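What follows is one structure encoded as structure tokens, with my remarks underneath.
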2 protein chains.
Amino acid sequence: MDVSAETNLGFRPLYLQVREEITRQLASGRWQPGTMLPSEQELARELGVSQGTVRKALDAMTAERILVRRQGRGTFVAEYEESRILFQFFRLYPDSGERLFPISKVLKLSSATPNAREREALGLDETATVWRISRLRYHGSELMLRETLSLPGSIFQGLGEMEEIPNNVYRLYSQRWGVTVTRISEKLKAVSADEADRAELNCPVGTPLLEIRRIAFDLHKRPVEYRESRCQTDAMHYASDLI
Amino acid sequence: MDVSAETNLGFRPLYLQVREEITRQLASGRWQPGTMLPSEQELARELGVSQGTVRKALDAMTAERILVRRQGRGTFVAEYEESRILFQFFRLYPDSGERLFPISKVLKLSSATPNAREREALGLDETATVWRISRLRYHGSELMLRETLSLPGSIFQGLGEMEEIPNNVYRLYSQRWGVTVTRISEKLKAVSADEADRAELNCPVGTPLLEIRRIAFDLHKRPVEYRESRCQTDAMHYASDLI
DNA sequence: TAGTGGTCTAGACCACTTT
DNA sequence: AAGTGGTCTAGACCACTAC
């Protein structure tokens, strides 16, 4: 058999290996959100590759929004500032007027055995536990949606003892547990308001609501949050850009 | 005044100029969808820049899904095959089972003066005309949604004389009018089925429906299609990935 | 002025496809 | 074997920021 005619299956570009190594160091906590990475030249020396190869890795991570590069300043670990949450992770817009960061009011924080949907979304079994956070969210003074967040107890240890859950939970995950949310997958349906919706959202039973089922993934593509939201869309809409 | 301290406002990277030039030639019809572009080396010679600069331009256009690059074969103008439509431009999925390209049944094709929403979406005024295509769409044998497409009469001349509108309208736009859809923006709401929905979708008045208002843009970022869809989501969902 | 990322070039070599 | 895109390197220079 002529070896030269074979396909080289084991091939893995150097810049992808570099990206993985930088991701590993990031996950291990070498650089905190908001801090600067070493310069391209320095990383290249550290890793024993050329500066152009480091650049390709950093560019890929910038495209994934894990890093932020600023010409003349440096390369930084992305933070969960409100503007980023608003633009990257939140697709609900008011039909008219200014966009505001949603205010949250927590109704309940509890621990439970995961139900079927939580198990499937988070890859858990019946022996696991989840935290459940029920909350309402407001756009300004307008009640917008109600939702329940489900979080694996194994990852978010001690969550139940928190006195207050902030509006910006992704920043909390990052600061308290080192969990970096990088990708989100959402499934939408139109549903009818039930009795619970009526009680919490103050709308008649039967009102059409937008139901959003979200799974959030971390740096290692591990599911870390499952969320079910039910949203009134008479004055809001969900925006989606297909590129 | 020290010139060296000023910011260089007029700066425009060469690879962006190259991208624009290639986009211009693409829009002018030099290469049809599915055909191969000249090699990087050849384009570099034509345009008087280095091969690396051409590569950067082609990579950017590939990221925009205008081009498709295949190692060992060449760089091709993206086509509107069904798989691309399904993955890039169509976000509705069955809750279970296989995804199918939606079958369309045209109910009506007419010409009209644009209403307020059409004027705003397509940037038209009261003196313009639009084509309106009303149709039903099926996933297999399952009726999924009803929708109306609105198209500027000035762009899609002669559309009214067509005997049949194919399922894949973006391929039609491309083949017949040289209109290349590259980006789509959608706004979603949950609404209640009205009398017209009942009649066409065969569902009770009051059923929650997912309403999708879509604007499609061409190579020059010009709006070329406005679409309002109303979809039953008891067995389907709308998928959205936030990255 | 020094340091950072961004652009541009040139060339070598690799992986993949086609002939 | 020839031709394509993909990777990797090295170096020069540009644009931007901070000091």
Side-chain angles (χ1 to χ4, degrees), chain A residues 1-22 26 31 34-79, chain B residues 1-22 26 31 34-79:
Chain A
M1 183 188 247
D2 183 1
V3 171
S4 69
E6 283 181 30
T7 293
N8 183 348
L9 288 174
F11 176 69
R12 185 145 188 75
L14 192 50
Y15 77 93
L16 289 180
Q17 300 175 40
V18 168
R19 184 184 69 171
E20 276 161 24
E21 177 54 27
I22 294 174
L26 193 57
W31 309 291
T35 62
M36 193 175 105
L37 266 64
S39 73
E40 295 178 350
Q41 293 288 3
E42 226 168 302
L43 283 171
R45 271 195 301 277
E46 276 185 29
L47 300 167
V49 299
S50 80
Q51 178 258 7
T53 299
V54 169
R55 168 178 295 268
K56 251 196 125 168
L58 295 179
D59 281 347
M61 296 179 72
T62 301
E64 296 177 82
R65 312 221 209 190
I66 297 169
L67 302 177
V68 178
R69 316 194 72 182
R70 299 192 203 125
Q71 187 174 6
R73 297 190 54 195
T75 302
F76 300 82
V77 183
E79 292 185 272
Chain B
M1 182 188 251
D2 183 4
V3 171
S4 69
E6 282 180 31
T7 292
N8 185 348
L9 288 175
F11 176 68
R12 187 147 187 75
L14 191 51
Y15 78 91
L16 289 180
Q17 299 174 41
V18 168
R19 185 183 69 172
E20 277 161 23
E21 177 55 28
I22 294 174
L26 192 58
W31 309 291
T35 62
M36 194 175 105
L37 267 64
S39 72
E40 295 178 349
Q41 292 289 3
E42 225 167 303
L43 283 170
R45 270 195 303 277
E46 277 185 30
L47 300 166
V49 299
S50 80
Q51 178 257 7
T53 299
V54 169
R55 169 177 293 269
K56 250 196 125 168
L58 295 180
D59 281 346
M61 295 178 73
T62 301
E64 296 176 82
R65 314 220 207 190
I66 297 169
L67 302 177
V68 177
R69 317 193 72 182
R70 299 192 204 126
Q71 187 174 6
R73 299 190 53 195
T75 301
F76 300 82
V77 183
E79 291 185 273

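Below, chain A is the first sequence line, B the second, and so on; all start at residue 1. This is a predicted model, so every value here is computed, not measured.
Legend: residues meeting side-chain contact (heavy atoms from CB on, under 4.5 Å) with P38(B), ordered by chain and number and at least two apart, are R30(B), W31(B), E42(B), L43(B), E46(B). Residues passing the salt bridge (charged side-chain N to carboxylate O under 4.0 Å, His left out) test with R69(B) are E40(B), D59(B), sequence neighbours excluded. By the side-chain contact (heavy atoms from CB on, under 4.5 Å) test, A60(B) is found to be paired with R19(B), residues two or more places apart in sequence or in another chain being considered. For Q71(B), there are no side-chain contact (heavy atoms from CB on, under 4.5 Å) partners at least two apart in sequence or on another chain. Remark: I66(B) pairs with L26(B), M61(B), E64(B), T182(B), L219(B) by the side-chain contact (heavy atoms from CB on, under 4.5 Å) rule, at least two apart or across chains.
Note: CG (L16(A)) to C1' (dA15(C)) measures 14 Å, nearest angstrom. Between Y15(B) atom OH and dG6(C) atom P the separation is 9 Å, expressed in whole Å. The distance between atom CD of Q17(B) and atom P of dT7(C), rounded to the nearest whole Å, is 12 Å. A straight line from CG of L43(B) to C1' of dG3(D) spans 15 Å, rounded to a whole angstrom. Rounded to whole Å, the distance from CE on M36(A) to P on dT17(D) is 15 Å. One atom, CD of Q41(A), and another, P of dA2(C), lie 17 Å apart when rounded to the nearest Å. Rounded to whole Å, the distance from CZ on F76(A) to P on dG3(C) is 16 Å. Rounded to an integer number of Å, the gap from L37(A) CG to dT4(C) P is 12 Å.
Of the candidates dT7(C), dT4(D), dG5(D), the closest approach to any side-chain atom of P13(B) belongs to dT7(C). Distance from the side chain of L14(A) is smallest for dC8(D) among the nucleotides dC8(D), dG6(D), dA18(D). Each of dG5(C), dT7(C), dG5(D) was ranked by its minimum atom distance to the side chain of F11(B); first place goes to dT7(C).
When all heavy atoms of L67(A) and V77(A) are compared, the closest pair comes out as CD2-CA, 4.1 Å.
A heavy-atom distance below 4.5 Å is not found between the side chains of L47(A) and T53(A).
Of the residues in residues 46-72 of chain A, V49(A), S50(A), T53(A), K56(A), Q71(A), G72(A) come within less than 4.0 Å of DNA chain D through at least one heavy atom, sorted by number.
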